[in-house]
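To keep things clear, I will list the structure first and then write my remarks on it.
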Amino acid sequence: MRGLRGATQVAANTVEAIEEAVVELCAEITRRNELHPSQIVWAIFTVTHDLDADFPARAARLQGWNEVPMIDSQEIPVPGSLPRVIRVLLHVDSDGPRNHVYLRGAQALRPDLHRKP
C-alpha cells in the first residue's frame, strides 16, 4: 500500500475547466505511478473555496476511475493561499516509488515533491 498526492490549478471556475484539469491530473498520476484504476483503494479530492462549478470526482470518472470510492471536500480558506486549486490524496494497493504529481500553478505548492515526467 502507498499514498499518493497530487494537485493542479484550474484556469476558471467552470465545469469545463475543472473537468480538463482533473482528467489531466488523474491521467498523470496513473501514468507516472504505473497504476490501473482497480489498484486505487480510495481518493479524496479537495477544492479551494473559489471552485464550486463541479465535483472533481465526477471528472475523475471520465478518466476511468468508475469503481474508485471518492469524496470531494472544501479546503480551509486561508488568506493569501493559491486560488483555484484541486488536490487529491490517493490510497493505492501497489508497490513502487511514490510519484506525486503537481501540475500547472500547483507546482508552487510543493516544489520538493514535484517531479517532472
Side-chain angles (χ1 to χ4, degrees):
M1 297 283 186
R2 58 188 168 146
L4 301 172
R5 295 179 58 183
T8 189
Q9 189 174 38
V10 180
N13 183 30
T14 65
V15 172
E16 297 80 14
I18 291 171
E19 182 177 295
E20 176 188 326
V22 172
V23 167
E24 177 188 36
L25 179 62
C26 293
E28 279 300 300
I29 290 172
T30 302
R31 185 183 70 75
R32 292 186 196 181
N33 288 282
E34 300 178 5
L35 291 175
H36 185 272
S38 65
Q39 295 172 295
I40 303 171
V41 178
W42 49 256
I44 298 171
F45 288 92
T46 64
V47 297
T48 51
H49 70 282
D50 50 2
L51 293 176
D52 61 4
D54 200 9
F55 296 103
R58 185 202 62 80
R61 288 184 193 95
L62 297 175
Q63 184 53 40
W65 295 14
N66 297 312
E67 302 298 320
V68 177
M70 296 181 275
I71 193 165
D72 299 303
S73 184
Q74 191 175 67
E75 290 277 337
I76 300 166
V78 175
S81 61
L82 192 64
R84 300 179 322 280
V85 173
I86 296 175
R87 292 174 175 86
V88 65
L89 174 63
L90 301 176
H91 184 190
V92 299
D93 188 9
S94 69
D95 295 323
R98 288 178 178 87
N99 294 305
H100 305 290
V101 177
Y102 287 78
L103 302 176
R104 305 178 184 194
Q107 293 174 0
L109 295 171
R110 290 297 303 266
D112 59 316
L113 294 181
H114 174 68
R115 296 184 186 119
K116 293 189 180 194

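All values below come from the heavy atoms of this structure, side chains included, with hydrogens, waters and symmetry mates left out.
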Donor-acceptor under 3.5 Å (N99 side chain, R32 main chain): yes
Kindly say whether V85 contributes a backbone atom to a donor-acceptor pair with the side chain of T48 at under 3.5 angstrom? yes
Nearest 0.5 Å please: distance from the [atom1] atom of [X] over to the [atom2] atom of [Y].
{"X": "E34", "Y": "S94", "atom1": "CD", "atom2": "OG", "answer": "9.5 Å"}
{"X": "R5", "Y": "L89", "atom1": "CZ", "atom2": "CG", "answer": "7.5 Å"}
{"X": "L82", "Y": "Q107", "atom1": "CG", "atom2": "CD", "answer": "11.0 Å"}

Heavy-atom pair of closest approach, residues [X] and [Y]:
{"X": "C26", "Y": "A60", "result": "SG-CB, 3.7 Å"}
{"X": "I29", "Y": "G6", "result": "CD1-CA, 4.3 Å"}
{"X": "A17", "Y": "A12", "result": "CB-O, 3.3 Å"}

Residues pairing under ring-ring contact (aromatic ring centres under 6.0 Å, His included) where one sits in residues 42-95, two or more places apart or in two chains, turn out to be W42-H91
Is there any side-chain hydrogen bond (donor to acceptor under 3.5 Å, both in side chains) pair reaching into residues 12-24, and which pairs are they, with sequence neighbours excluded? N13-D52, E19-R58, E20-R104, E24-R104
Can you list, by chain and residue number, the hydrophobic cluster partners of V23 when the side-chain cut-off is 4.5 Å? L62
I44 with I86, same ILVMFWY side-chain cluster at under 4.5 Å: no
If hydrophobic clusters are built by linking Ile, Leu, Val, Met, Phe, Trp and Tyr wherever their side-chain heavy atoms come under 4.5 Å apart, do V15 and V22 end up in the same one? no
Measuring only between side-chain heavy atoms, which start at C-beta, is L4 closer than 4.5 Å to L35? yes
Are V92 and N33 close enough that some pair of their side-chain heavy atoms sits under 4.5 Å apart? no
Side-chain donor-acceptor pairs of residues 66-80 under 3.5 Å, sequence neighbours excluded:
unit_1	atom_1	unit_2	atom_2	d
D72	OD1	A57	N	3.2
E75	OE2	T46	OG1	2.4

Using the test salt bridge (charged side-chain N to carboxylate O under 4.0 Å, His left out), find all partners of R84 that sit at least two apart in sequence or belong to another chain. none
Sorted by chain and residue number, the side chain to side chain donor-acceptor pair (under 3.5 Å) partners of S81 (sequence neighbours excluded) come out as none
Assess the residue pair T8 and E28 against the criterion (side chain to side chain contact (heavy atoms under 4.5 Å, CB included)); give the C-alpha distance rounded to whole Å, side-chain angles, the decisive distance to 0.1 Å, and a yes or no. CA-CA 11 Å; T8 189; E28 279 300 300; over 6 Å; no
